[in-house]
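The next block holds one structure in the form of structure tokens; read it before the comments.
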Amino acid sequence: MTDFSMTTDDQGVAVIAWDMPGRSMNVLNLDSLRDLDALVERALGDPEVKGIVVTSGKKDFAAGMDLAVIAAMKEGAGDDPARGVFEGVMSLHHALRRIERAGMDPKTHKGGKPVACALPGTALGIGYEIPLACHRIVAADNPRAKIGLPEIKVGIFPGAGGTTRLVRKLGAMGASSYLLEGKTLDPQAALAAGLIDEVVPADQLLSRAKEWVLSAVGTDLCKPWDRKDYKMPGGAPYHPAGYMTFVGASAMVNAKTWGAYPNAKALLSAVYEGALVPFDAALRIEARWFTHILMNPSSSAMIRSLFIDMQALGKGARRPAAPDQRVRRLGVIGAGMMGAGIAHVAAQAGIDVVLIDSAPEAAAKGKAHAEGLLSRAVARRKLSEEKKAETLARIAPTTDYAALSECDLIVEAVFEDPATKAEVMGRVLAHVGPDCILATNTSTLPIAELARAADRPDRFLGIHFFSPVDRMQLLEIIRGRDTGDLAVAKALDFAKAIGKTPIVVNDARFFYANRCIIPYLNEGVRMVAEGVKPALVENAARLLGMPVGPLQLLDEISLELALRIAEATRAALGDAYPDDDVDRVLFLLAADGRLGRKARAGFYAYDDKGERQGLWPDLARLFPPREPQPAVTEVQDRLMLSQVLEAVRALEEGVLTDIREGNVGAILGWGFAPWSGGPFSWLDIQGLPESVARAERLAAAHGPRFAPPRLLREMADRGETFQARFVPGAAQAA
Ligand code: NAD
């Protein structure tokens, strides 16, 4: 059975329907592309066929290219991989160009057959590049559908003509948010933006597409860019207006990516160079840049972490075998920032929630938080009033622990204080059944210790949400020493229900994410103490591809919290506490009331509305810049290795047990340089011997915190990579 099938009706319209057997969503692979091409060729050559409608047998059109196929293209491309990839990409172009030209005479543009694309729902990536090659795009009025080209987000760019066609359709400026940001739109918005031609009620989709095909005339078939008089909207690069666009676009890309993402730069090159030449040459240029990107280790690393591994974890790759543990009723204790957020995401997933706080007003405030978020979604047309009311009705705020009696999962999110947490757990236990799983959202307290307050260590674990709960994708599930498989399965089924990506880690100080982010923040602060210019620290971080520098991040999470964590760590480590230099800086700022963004004063200066106004100029007075300043690469190495070495230690110590979780958790948890695919992937890309050499240099200059862990050293000696050693059989990073 093939993915595409064709039927011709009595009016001579051939309907090519895409319907991958056994999958809920269509994705394109090279075999199915050949099927499509063969059917198009047959329809164009069949005198009985007057025109073609390409559509889907599923509720959506397509989610894109099978990214696993893209990631593997390089591996399967033989001795000359770049040539193999280029030829594979060109075969895509030929197939789509065949649809676009539809049998027309190359000179007169006559004799072609009209081809419409009917989109029942979502059409992303190649799922929108195919329609772009058709002569008319009709979409069903389905507000949930997403249309666009999100490739840029996984390290590539639209490489099946989407880049070249969209720029010629909308102009470079018009196309920029779709290409450079991967913005996707619902059908009505896509119509308004000029991405598609028509939106019709779902039940009229096919009939309207056929009607268009039967009424189309010759001029409807020839794309503007195939006509002699074609002018690019907004002007080509050599036109004065176009020139300004390209100068602006180039600056915009660099401002956003700091040069860390090779795909954004390659996209811009394909657009610029493609705009200077005729259409078919532009497609070849696009294919060359696309090949260049597929040959760069960043693209396969990003696809692997942000797509393949993330999807596998989301689907429960780490789930122990256990019967369905879907949550029926959730109890959340503590209706503060985190508890309210947890109640909101659970209710949105259709789970009934009992939301407890110590005072009725505090519990009600937690529900009001959910209401605020839902109202915002209604205002943005993402949610109906009915759905909002339905969701809110699932949250029952109360102070009465007896309301927890029917709950099968409890998440505690009260103050970060062991005594308060123990007291609350005692009250919970008086009311829940023996099978109820108990979880804590603690970010710093050891799970094993908290488990002592509960009478069921096998049913106790950490479910660590990140703030803000509705936006942060990661869920860190922490197995205590005695946590049983059933509890882990419960947490993973909960993660799946609320659409978060889970990682399962073992119990140790700061678990995984915070354990790695703290050395990054500390290294930034330590450099300030040493007289490294704060701007150099922040810019070095951005050049590494970190979304924010360490000083800005500290301002966001508040210096107060950082100091509280520092105090707890000092108490735990005693004389071995290594971060006095860091604390000195934090205390100095805190003593001045500079506690971060909330206080509108921190490492940065802020205006009355809390908008950042640049680094606080007096930092130079408190921490006079030393001369000479270190090289930017030295600062970068310190910031990067402080994170990746800690990730390796977490693996070595068994806190992490799967590097896929280490990679995905780092990107989703603290924004670790996504271009690299995560810390282990970053090490593989640099090469382990090179990473060890850099760590040794830093250790000699700055102390043992940079000493390469034994595991890293051993692997470097043996010529191993993390990907090959820990994920055997998976696509390689480099
Ligand atoms: P918060 O101060 O905003 O909320 C805590 C809530 O718990 C308050 O509403 C308070 O009234 C309530 N509470 C306190 N004692 C209680 C009791 N005895 N009974 C019932 N309710 C009680 O704090 P938060 O930021 O939401 O943090 C909650 C937990 O989540 C902490 O353990 C924290 O470490 C953890 N956490 C916080 C973040 C973050 O970024 N804020 C991130 C991850 C985890």
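Model, not experiment: these values are computed from the prediction. These values consider heavy atoms only, across backbone and side chains, with no hydrogens, waters or symmetry-generated copies. Note that ligands are numbered from 1 as they come in the structure, with each ligand's atoms numbered from 1 the same way.
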Would you say ligand 1 has an N or O under 3.5 Å from any N or O of [X]?
X: His464; answer: no
X: Met338; answer: yes
X: Glu412; answer: no
X: Met337; answer: yes
X: Asn441; answer: yes
X: Thr420; answer: no

Number the atoms of ligand 1 from 1 as they appear, then name those within less than 4.0 Å of a heavy atom of [X], with their elements.
X: Phe465; answer: 42 (C), 43 (C), 44 (C)
X: Tyr401; answer: 19 (N), 20 (C)
X: Thr442; answer: 32 (O)
X: Lys421; answer: 31 (C), 32 (O)
X: Glu423; answer: 18 (N)
X: Val424; answer: 17 (C), 18 (N), 19 (N)
X: Ser443; answer: 33 (C), 34 (O), 35 (C), 36 (N), 44 (C)
X: Ala335; answer: 9 (O)

Does atom 15 (N) of ligand 1 have a protein non-hydrogen atom under 4.0 Å from it?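 Given the 4.0 Å limit, the answer for atom 15 (N) of ligand 1 is yes, a protein heavy atom qualifies.
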When the aromatic ring centroids of Trp682 and Phe722 are compared, is their separation below 6.0 Å?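 Not under 6.0 Å, so no.
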I need the nearest protein heavy-atom contact for [atom]: residue, atom name and distance, please.
atom: atom 28 (C) of ligand 1; value: Ala413 O, 3.2 Å
atom: atom 40 (O) of ligand 1; value: Ser467 CB, 3.3 Å
atom: atom 22 (C) of ligand 1; value: Val414 CG1, 3.5 Å
atom: atom 2 (O) of ligand 1; value: Phe415 CE2, 3.4 Å
atom: atom 33 (C) of ligand 1; value: Glu416 OE1, 3.7 Å
atom: atom 20 (C) of ligand 1; value: Ser358 N, 3.4 Å
atom: atom 11 (O) of ligand 1; value: Asp357 OD1, 2.7 Å

Heavy-atom count around Asp324 CG within 6.0 Å, excluding the residue itself: above 12?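 Counting neighbours around CG of Asp324, more than 12 heavy atoms of other residues, nucleotides or ligands fall under 6.0 Å, so yes.
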Quick check on Arg597: does its CZ atom have over 12 non-hydrogen neighbours (other residues, nucleotides or ligands) under 6.0 Å away?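 Open: at most 12 neighbouring heavy atoms sit under 6.0 Å from CZ of Arg597.
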Using only atom types and a distance under 3.5 Å, with no angle test, would you say the side chain of Arg479 pairs donor to acceptor with the backbone of Asp507?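 Looks like no, no N/O pair under 3.5 Å.
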Within the distance-only criterion (no hydrogens, no angle test), does the side chain of Glu406 pair as donor or acceptor with the backbone N or O of Leu404 below 3.5 angstrom?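 Looks like no, no N/O pair under 3.5 Å.
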Looking at ligand 1, is there an atom of it that comes within less than 4.0 Å of some heavy atom belonging to Phe466?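 Heavy atoms of Phe466 never come under 4.0 Å of ligand 1.
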Tell me which pairs pass side chain to side chain donor-acceptor pair (under 3.5 Å) where either residue lies in residues 349-368, with sequence neighbours left out.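 As it turns out, there is no side chain to side chain donor-acceptor pair (under 3.5 Å) pair with a partner in residues 349-368 once direct neighbours are skipped.
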Short side-chain donor-acceptor distance under 3.5 Å, [Y] and [X]:
X: Glu538; Y: Tyr604; answer: yes
X: Thr444; Y: Glu416; answer: yes
X: Tyr512; Y: Asn506; answer: no

Can a cation-pi geometry be assigned to Arg612 and Tyr606, taking NZ or CZ under 6.0 Å from the six-membered ring centre and within 45° of the ring axis?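 No, cation not above the ring by the 6.0 Å, 45° rule.
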Residue that, paired with Glu412, satisfies side chain to side chain donor-acceptor pair (under 3.5 Å) out of Thr442, Asn441, Thr440: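 The single option meeting the side chain to side chain donor-acceptor pair (under 3.5 Å) with Glu412 is Thr440.
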Any heavy-atom pair between the side chains of Ser467 and Met338 that's under 4.5 Å?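 Side chain of Met338 against side chain of Ser467, heavy atoms only: contact under 4.5 Å found.
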Report yes if the side chains of Asp493 and Arg319 come closer than 4.5 Å at any heavy-atom pair, otherwise no.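 Side-chain contact under 4.5 Å: yes.
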Atom 4 (O) of ligand 1: which of Ala359, Gly336, Ala513, Gly341 has the nearest heavy atom?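 Looking at heavy atoms only, the winner is Gly336.
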I'd like to know if Arg515 and Glu653 make a salt bridge, using a cut-off of under 4.0 Å between side-chain N and carboxylate O.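 Yes.
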